[in-house]
Chemist: 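Quick one: structure below, then a few questions.
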Amino acid sequence: MSRSPTFFDYVCSNSDKFAMLFAFECLAGGLSVVFMLGTEPGTASHVVGILNLVGAVVLAVPTAGILLKCHRR
């Protein structure tokens with residue numbers, strides 16, 4: 001008996017694209033750390049670096065979760 005594909009089956013069929021997205025998010029996070037450490041605390045550039053790092057982490061965590069779930073299938 002065959003089952004119909006679920007939404008997550010479709011997501012996992014595109015896991016290579018999610019892996020590329022995760023790599024880009026890691027690169028953005030790394031560059032944000034370098035940018036944040038290279039500026040003086042309290043400046044606007046430092047705050048932007050922190051916000052970029054937080055944004056990269058917020059996007060990378062669900063992407064990593066999707067990749068892990070697809071890998072364990």
Side-chain angles (χ1 to χ4, degrees):
M1 183 174 185
S2 66
R3 63 181 182 91
S4 61
T6 64
F7 176 73
F8 205 74
D9 290 333
Y10 176 74
V11 169
C12 287
S13 70
N14 291 303
S15 64
D16 57 336
K17 295 169 186 74
F18 279 100
M20 185 161 310
L21 177 65
F22 183 69
F24 177 73
E25 290 163 350
C26 289
L27 176 66
L31 289 174
S32 294
V33 167
V34 169
F35 183 67
M36 184 184 66
L37 294 176
T39 58
E40 288 194 34
T43 61
S45 298
H46 190 76
V47 172
V48 169
I50 291 172
L51 291 175
N52 282 341
L53 181 61
V54 169
V57 169
V58 165
L59 292 174
V61 168
T63 305
I66 289 170
L67 289 172
L68 282 173
K69 186 161 181 163
C70 288
H71 179 70
R72 291 183 181 173
R73 266 183 145 201

Chemist: Calculate, to the nearest 0.5 Å, the distance between atoms CG and CZ belonging to L27 and F22 respectively.
Modeler: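 Output value for this atom pair is 12.0 Å.
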
Chemist: Hydrophobic clusters here meaning ILVMFWY residues chained together by side-chain heavy-atom distances under 4.5 Å, can you tell me if F18 and F7 are in one?
Modeler: yes

Chemist: Is Y10 isolated, or which residues cluster with it under the ILVMFWY side-chain rule of less than 4.5 Å, directly or via members?
Modeler: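 Besides Y10, the cluster holds no residue at all.
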
Chemist: Say whether, by atom type as modelled, one donor and one acceptor occur between the side chain of D9 and the main chain of T6 under 3.5 angstrom.
Modeler: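 Indeed, once roles are kept as given, a pair shorter than 3.5 Å links the two residues.
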
Chemist: Going from NE2 on H46 to CG on L37, what distance comes out if it is rounded to the nearest 0.5 angstrom?
Modeler: 8.0 Å

Chemist: Rounded at 0.5 Å granularity, tell me how far CE in M36 sits from CG in L51.
Modeler: 11.0 Å

Chemist: Atom CD1 of I50 and atom OG1 of T39: how far apart are they, to the nearest 0.5 Å?
Modeler: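 It is 7.5 Å, given to the nearest 0.5 Å.
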
Chemist: With rounding to the nearest 0.5 Å, note down the distance linking OG1 in T63 to CG in L68.
Modeler: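 If we round to the nearest 0.5 Å, T63:OG1 and L68:CG are 11.0 Å apart.
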
Chemist: Closest approach of G49 and S32, non-hydrogen atoms and distance?
Modeler: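 Minimum heavy-atom separation between G49 and S32: O-CB, 3.9 Å.
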
Chemist: Starting from L59, can I reach M20 by hopping between I/L/V/M/F/W/Y residues whose side chains sit under 4.5 Å apart?
Modeler: no

Chemist: Mark yes when over 12 heavy atoms from residues, nucleotides or ligands other than F8 sit less than 6.0 Å from its CZ; otherwise mark no.
Modeler: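 Enclosed: over 12 neighbouring heavy atoms sit under 6.0 Å from CZ of F8.
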
Chemist: Please check if L53 and V34 belong to a single hydrophobic cluster, counting links between Ile, Leu, Val, Met, Phe, Trp and Tyr side chain heavy atoms closer than 4.5 Å.
Modeler: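 No, separate clusters.
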
